[in-house]
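Here is how names work: the chains are called A, B, and so on, in the same order as the sequence lines, proteins then strands, and each is numbered from 1.
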Protein chains: 2
Amino acid sequence: MAATLHDVARLAGVSIKTVSNVINDYEHIRPATRAKVEKAIGELGYTPNLTARNLRSGRTGAIALALPDLSLAYFAELAAQVIHEAEAAGVVVLVEQTGADRERELDLLRSSRLKLTDGLIFSPLGMGPDDVAALDVPYPLVLLGERIFDGPTDHVTMRNVDAARAATEHLIAQGRRRIAVVGAHEGEIVGSAALRLQGYREALDAAGIEYDDSIVGYTTLWHRANGADSMRDILARGAEFDAVFGLNDTLALGAMRVLQEAGLRVPHDVSVIGFDGLDEAAYSIPSLTTVDPGRGWIAKTAVSTLLARIGGKADAAPQTLFADYRILERESSASS
Amino acid sequence: MAATLHDVARLAGVSIKTVSNVINDYEHIRPATRAKVEKAIGELGYTPNLTARNLRSGRTGAIALALPDLSLAYFAELAAQVIHEAEAAGVVVLVEQTGADRERELDLLRSSRLKLTDGLIFSPLGMGPDDVAALDVPYPLVLLGERIFDGPTDHVTMRNVDAARAATEHLIAQGRRRIAVVGAHEGEIVGSAALRLQGYREALDAAGIEYDDSIVGYTTLWHRANGADSMRDILARGAEFDAVFGLNDTLALGAMRVLQEAGLRVPHDVSVIGFDGLDEAAYSIPSLTTVDPGRGWIAKTAVSTLLARIGGKADAAPQTLFADYRILERESSASS
DNA sequence: TTGAAAGCGCTAACAC
DNA sequence: GTGTTAGCGCTTTCAA
């Protein structure tokens, strides 16, 4: 059995309060006493029981991060940054995967497993606006992803519409007029796909280009294979295009592969842009132009916002915070 | 303030023991009593305080997973699988990143942050055999990665040497004799790089091919950029080669890009194989032949082994468990 | 079948 | 400066 405060106190010949004082760096302790206690701690290999401390203090020093799936590169990179920021702030992170499944997301919000943490950073993907009531939870909550809810919580998000419009404008500026889209979601109104598609349409409108559904590819998921399938589908329709906007990088990379298999040159015949600013987009052939939606800032801000709530700012009005985006110009959209 | 057992007991007009019985599905409760209690629970929105329960029971229902960095695809996919398996077993996972830094790894092992968990699955990268003593920790520990220690803990690992030899033999079977290596670690004896390089040399020896250091590229890290740099370095030396063994997939993908930039055709001029069985290796151009080292099995086995230790098998002798590997043959090494 | 009470290990009033 | 003590919310003997 591990040593407790009592054991240390007995060995050192002091009271447990004194030991507690030493552990918590209380100032006014006689050096000799401190030395005695530290010796006893060393001998017993004592370490504080955090569970007991947490029960007493009402804090756990842990936060939860819930996201669809770590094997999706975007979420893996996001998680890496959140954990990094949390560590810098002295808290640990419990990671939950929801599989982008609405039921599992709703379950998680109610789950008592979260009792092990002081708050939650939540990136939902399956829930819709109808589920907004589920966000009214009795613990600090910061939402990531689309602002599809006008919910009662803080929200850290990206400028999807603006960034997607900028991406499309970038292609138009290269002289492209027939811009295909890969990864649209059929009938969606509120998710990332819908918002990015909206930005795309806004850019077309502004440039006087007509929207053409025959060069828009639909998928359900955003894996590489879906990007490839979606691209093959568009090619099979026979419609002409001179550029592709992948609604995320993974889709764009899958699409780029199919283009090259089909003998089309990127960017000469077809210019390609993605979205997310993944590390790997810099290392494809050709390297992929993409939009960095400000993921690093989002991670940092999510952690600091959550910790501020935990630290007592419970009553302040919920805020929505937007990250700045940036186009990362690479070979796949170089002027030809 | 959240409701407690006492509040529920008072409202229901019973003792807290009775409430506790209801919550823990104790069998012998009069239906009327149960109903009363459940009504009170519902009215107060009571949920058990896990911290208190943990303090009492000595268990937390959480395990820790420590790995170098989630933004490395291999570890992201590993973490996804570990969390998945843990969830199936009813425990949550706290993820720590060590950055492959020896000091941080040693700190972590001693850290009291782990007190929040019942045990640790640990994938070290910076520690060496000299640090084996640090593994003698007072909590259940399962090691992943190289078996560089003959330590006091369970170890779930892959057959690095055998799998690397099989990878090399695969290239030799295609008629390749000048097989370059990307990602070796200078002077390393015990890590993945060294073991895989050893398997490579064993395959050469068995085939009567002489080892040639001029076609072995060294890196420190295993990011895509390192694979690219390492490949450029080998090309710059001017030595001839007809195949490349990337010591992991990320390196191989980076190397493949450089080969193609240099005008070399894969697999016609140069055959390429990687190691790790990453999802994305299936979607590169050409798709990358790789070795699946059994990551799924490793995740599952690590979780079940740790939980068995936590569940009382504390005294059993430490085991070392090896995953089976498998060559995934794809375009980058197709017969030409 | 239900109640009373001890105590998990710690913190923080409060006393000396 | 240091000691005493009352809980944090729960589980779990032991009695009733």
Crowding at NZ, B/K300 (>12 non-hydrogen neighbours, <6.0 Å): no
Is the phosphate of [N], meaning OP1 or OP2, less than 4.0 Å from a side-chain N or O of [X]?
X     : N      : answer
B/N49 : D/dC8  : no
A/R30 : D/dG1  : no
B/Y46 : D/dC10 : yes
B/T18 : C/dG3  : yes

Using a heavy-atom cut-off of 4.0 Å across all strands, would you classify [X] as base, sugar-phosphate, or nothing?
X     : answer
A/R56 : base
A/T51 : nothing
A/L55 : base
B/T4  : sugar-phosphate
A/N54 : nothing
B/S20 : base

Derivation and outcome, side-chain contact (heavy atoms from CB on, under 4.5 Å), residues B/T51 and A/K115: CA-CA 7 Å; B/T51 307; A/K115 280 282 172 107; over 6 Å; no
What is the distance, rounded to the nearest whole Å, between atom [atom1] of [X] and atom [atom2] of [N]?
X      : N      : atom1 : atom2 : result
A/N24  : C/dC10 : CG    : P     : 10 Å
B/K17  : D/dA15 : NZ    : C1'   : 12 Å
A/D25  : C/dT11 : CG    : P     : 12 Å
B/L116 : C/dG9  : CG    : C1'   : 14 Å
A/I16  : D/dG3  : CD1   : P     : 11 Å
A/R10  : D/dG3  : CZ    : P     : 14 Å
A/Y26  : D/dT2  : OH    : P     : 10 Å
A/I29  : D/dG3  : CD1   : P     : 11 Å

Test log, rule side-chain contact (heavy atoms from CB on, under 4.5 Å), inputs B/T301 and B/V142: CA-CA 10 Å; B/T301 305; B/V142 170; over 6 Å; no
Check ion pair A/D107-A/R104 (N to O, under 4.0 angstrom): no
What nucleotide, of [options], holds the atom closest to the side chain of [X]?
X     : options               : answer
A/R53 : C/dA12, C/dT2, C/dT11 : C/dT11
A/L5  : C/dC10, D/dT2, D/dC10 : C/dC10
A/T33 : D/dT2, D/dT12, C/dT11 : D/dT2

Contact nearer the 5' end of DNA chain D, comparing A/R34 with B/L50: A/R34
A/T4 side chain reached by A/D7 side chain, heavy atoms, under 4.5 Å: yes
5' precedence on DNA chain C between B/S15 and A/I23 (nearest-nucleotide basis): B/S15
Residue from B/L120, B/L135, B/T157, B/D154 passing side chain to side chain contact (heavy atoms under 4.5 Å, CB included) with B/L143: B/L135
